Visitor: 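Please find one structure pasted underneath; my questions will follow.
Computed from a predicted model, the values in this text were never measured in an experiment.
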Amino acid sequence: MGALWVSDPRAATVYRIDLDGKVTVVADVPSRPFGLGFLPDGDLLVASMTQRLILNLRGAKATIHADLADAAVGYLRDMAVARDGNAYVTSFDADAAGPDCFASARVLLATPDGKIRSVAENMAHPNGLAITSTHEVLVAETLGNRVLAFQIGNDGALLHRRVFANFERMSPVGICADSEGAVWAAAARQPLFVRVLQGGRVTHRVHVPGRQAVACQLGGRDGRTLFCLTVAADLGDYPNRQQTARVETTFVDVPGAASSIRLAEIAPH
């Protein structure tokens, strides 16, 4: 696609950022856009947080791709679209605590023919999603301090749940996968992005002093650019709606699971 697609829920806007840094407004989404993904035909999907809809942003007007209101508990969060057009979306009640924190959390599946169902539950605030080159779904379980992995079944179901990696003193938020099966993860409320192998060994660290890591994605012309989404370390600016989010880049050795950048989210926590 040759560009980074970014959602900003606080500004209710989806942006396109080309590789030269030019920023274009793609759409205004008053119901707070969050996760993004592309259908096989290239149509852009966006998860509408508060309406609990998946919107199709083809053309000048958004249309409803899938209505998840009856299946979601709390707001919609991140989204990843598989190569067959199945869209996976995380949902949880951010105000829930204790057992309710787990009870409300789920990963929802919206199939291309409009069917909606829950395919994974009992998680502690599932935020980031990624789909690997081996056709697995990875889920950043933020309050569980780990990334979960699922195999994708023939009908889109998530099967054989396992722990991909546990984290010490770190809560993963936005994640992406590279071509070797490792995961890059943003450390919630820390100035840090890490590359983690299955089992939990950290191979690389990217520090962003004075910032907080939010999400990351691999892409660029050769797939080796790591796009790091960050916000100011002092969250006190948010009540005044000051814009502190930005995208920073660094180059890495292993390319992403896809050859070009497709999506990421600006979603301050």
Side-chain angles (χ1 to χ4, degrees), residues 34-38 45 47 76-92 102 105-110 118-153 156-168 170-188 192-206 213-219 223 226-229 252 254-259 261-265 267 269:
F34 205 104
L36 303 174
F38 289 89
L45 301 181
L76 300 185
R77 302 286 171 167
D78 201 7
M79 178 168 61
V81 181
R83 53 178 177 254
D84 59 4
N86 280 337
Y88 296 89
V89 187
T90 57
S91 170
F92 62 86
F102 292 86
R106 59 201 59 184
V107 178
L108 302 172
L109 167 63
S118 176
V119 288
E121 299 182 353
N122 193 32
M123 292 170 283
H125 286 199
N127 271 302
L129 283 175
I131 297 178
T132 71
S133 57
T134 56
H135 208 46
E136 290 189 318
V137 170
L138 304 179
V139 182
E141 190 182 13
T142 303
L143 295 189
N145 302 105
R146 61 188 183 179
V147 170
L148 302 175
F150 301 84
Q151 291 183 6
I152 301 177
L158 298 187
L159 309 173
H160 309 302
R161 170 176 172 160
R162 71 181 193 281
V163 175
F164 178 90
N166 287 304
F167 292 83
E168 294 184 7
M170 175 183 156
S171 300
V173 192
I175 60 174
C176 65
D178 69 22
S179 61
E180 292 184 354
V183 171
W184 279 96
L192 180 66
F193 296 85
V194 298
R195 182 180 184 264
V196 183
L197 301 178
Q198 182 169 310
R201 183 168 73 88
V202 175
T203 64
H204 296 75
R205 292 175 172 85
V206 174
V214 175
C216 54
Q217 185 59 274
L218 286 162
L226 182 69
F227 294 84
C228 300
L229 283 71
V252 298
V254 181
S259 61
I261 189 64
R262 294 206 308 169
L263 60 99
E265 311 81 36
H269 294 269

Visitor: Apply the test side-chain contact (heavy atoms from CB on, under 4.5 Å) to residues V183 and L138: give CA-CA distance (whole Å), side-chain angles for both, the deciding distance (0.1 Å), then the verdict.
Guide: CA-CA 9 Å; V183 171; L138 304 179; 3.2 Å; yes
Visitor: Roughly how far, to the nearest 0.5 Å, is the CG atom of D178 from the CG atom of L218?
Guide: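 Nearest 0.5 Å value for the CG-CG distance: 6.5 Å.
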Visitor: Can you see which heavy atom on C216 is nearest to which on L226, and at what distance?
Guide: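 Taking every non-hydrogen atom into account, CB-CD1, 4.0 Å.
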Visitor: Distance only, no hydrogens: is a donor on one side chain within 3.5 Å (strictly under) of an acceptor on the other, for S91 and R106?
Guide: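 The answer is no; no qualifying pair exists.
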Visitor: Can you tell me how far apart CZ (R146) and CE (M123) are? Round to the nearest 0.5 Å.
Guide: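 Here the rounded value is 9.5 Å.
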Visitor: Flag the pair F150 / V107 as yes when at least one side-chain heavy-atom distance between them is below 4.5 Å, and no otherwise.
Guide: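 Not touching, per the 4.5 Å side-chain cut-off.
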Visitor: Considering all heavy atoms of both residues, which atom of R77 and which atom of A47 are nearest to each other, and what is their separation?
Guide: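 Taking every non-hydrogen atom into account, O-CB, 3.9 Å.
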Visitor: Starting from the C-alpha separation in whole Å, work towards a yes-or-no answer on side-chain contact (heavy atoms from CB on, under 4.5 Å) for S133 and S179.
Guide: CA-CA 7 Å; S133 57; S179 61; 5.6 Å; no
Visitor: In Å, rounded to the nearest 0.5 Å, how long is the span from CD of Q217 to CG of L36?
Guide: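 Result: 10.5 Å between the selected atoms.
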Visitor: Between C176 and A130, what is the shortest heavy-atom contact and its length?
Guide: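 Heavy-atom minimum between the residues: CA-CB, 4.1 Å.
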Visitor: Taking all non-hydrogen atoms of both residues into account, name the closest pair between P126 and V139 and its distance.
Guide: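 Shortest heavy-atom contact: CB-CG1, 3.6 Å.
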Visitor: Could I get the full list of salt bridge (Lys or Arg N to Asp or Glu O under 4.0 Å) partners for R201, not counting sequence neighbours?
Guide: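 So R201 forms no salt bridge (Lys or Arg N to Asp or Glu O under 4.0 Å) with any residue.
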Visitor: Give the ring-plane orientation class for W184 versus H204, where under 30° counts as parallel, over 60° as perpendicular and anything between as tilted.
Guide: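 Tilted.
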Visitor: Which atoms form the tightest heavy-atom contact between L197 and A182, and what is the distance?
Guide: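 Nearest heavy atoms, L197 then A182: CD2-CB, 3.8 Å.
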Visitor: Measuring from atom CZ of F38 to atom CE of M79, what distance do you get when rounded to the nearest 0.5 angstrom?
Guide: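 F38 CZ to M79 CE: 9.5 Å, rounded to 0.5 Å.
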Visitor: Could you go step by step and tell me if E136 and R162 meet the side-chain contact (heavy atoms from CB on, under 4.5 Å) rule?
Guide: CA-CA 11 Å; E136 290 189 318; R162 71 181 193 281; 2.9 Å; yes
Visitor: With distance as the sole test, does T90 use its side chain to make a donor-acceptor pair with the main-chain N or O of N127 at under 3.5 Å?
Guide: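 It does hold such a pair.
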Visitor: Measure the spacing between CG of L159 and CD of Q151 and express it to the nearest 0.5 Å.
Guide: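 L159 CG to Q151 CD: 7.0 Å, rounded to 0.5 Å.
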Visitor: How many angstroms lie between atom OH of Y88 and atom CG of L108, to the nearest 0.5 angstrom?
Guide: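 Answer for the OH-CG pair, Y88 versus L108, is 11.5 Å.
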Visitor: How would you list, by chain and number, every residue that makes a side chain to side chain contact (heavy atoms under 4.5 Å, CB included) with S171, sequence neighbours excluded?
Guide: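 So S171 forms a side chain to side chain contact (heavy atoms under 4.5 Å, CB included) with T142, N145, A188.
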Visitor: To check you understand the geometry: which heavy-atom pair defines the closest contact between A120 and L158, and what is its length?
Guide: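 It is CB-CD1, 4.3 Å.
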Visitor: Which is it for V147 and V196 under the side-chain contact (heavy atoms from CB on, under 4.5 Å) test, yes or no, and what are the steps along the way?
Guide: CA-CA 10 Å; V147 170; V196 183; over 6 Å; no
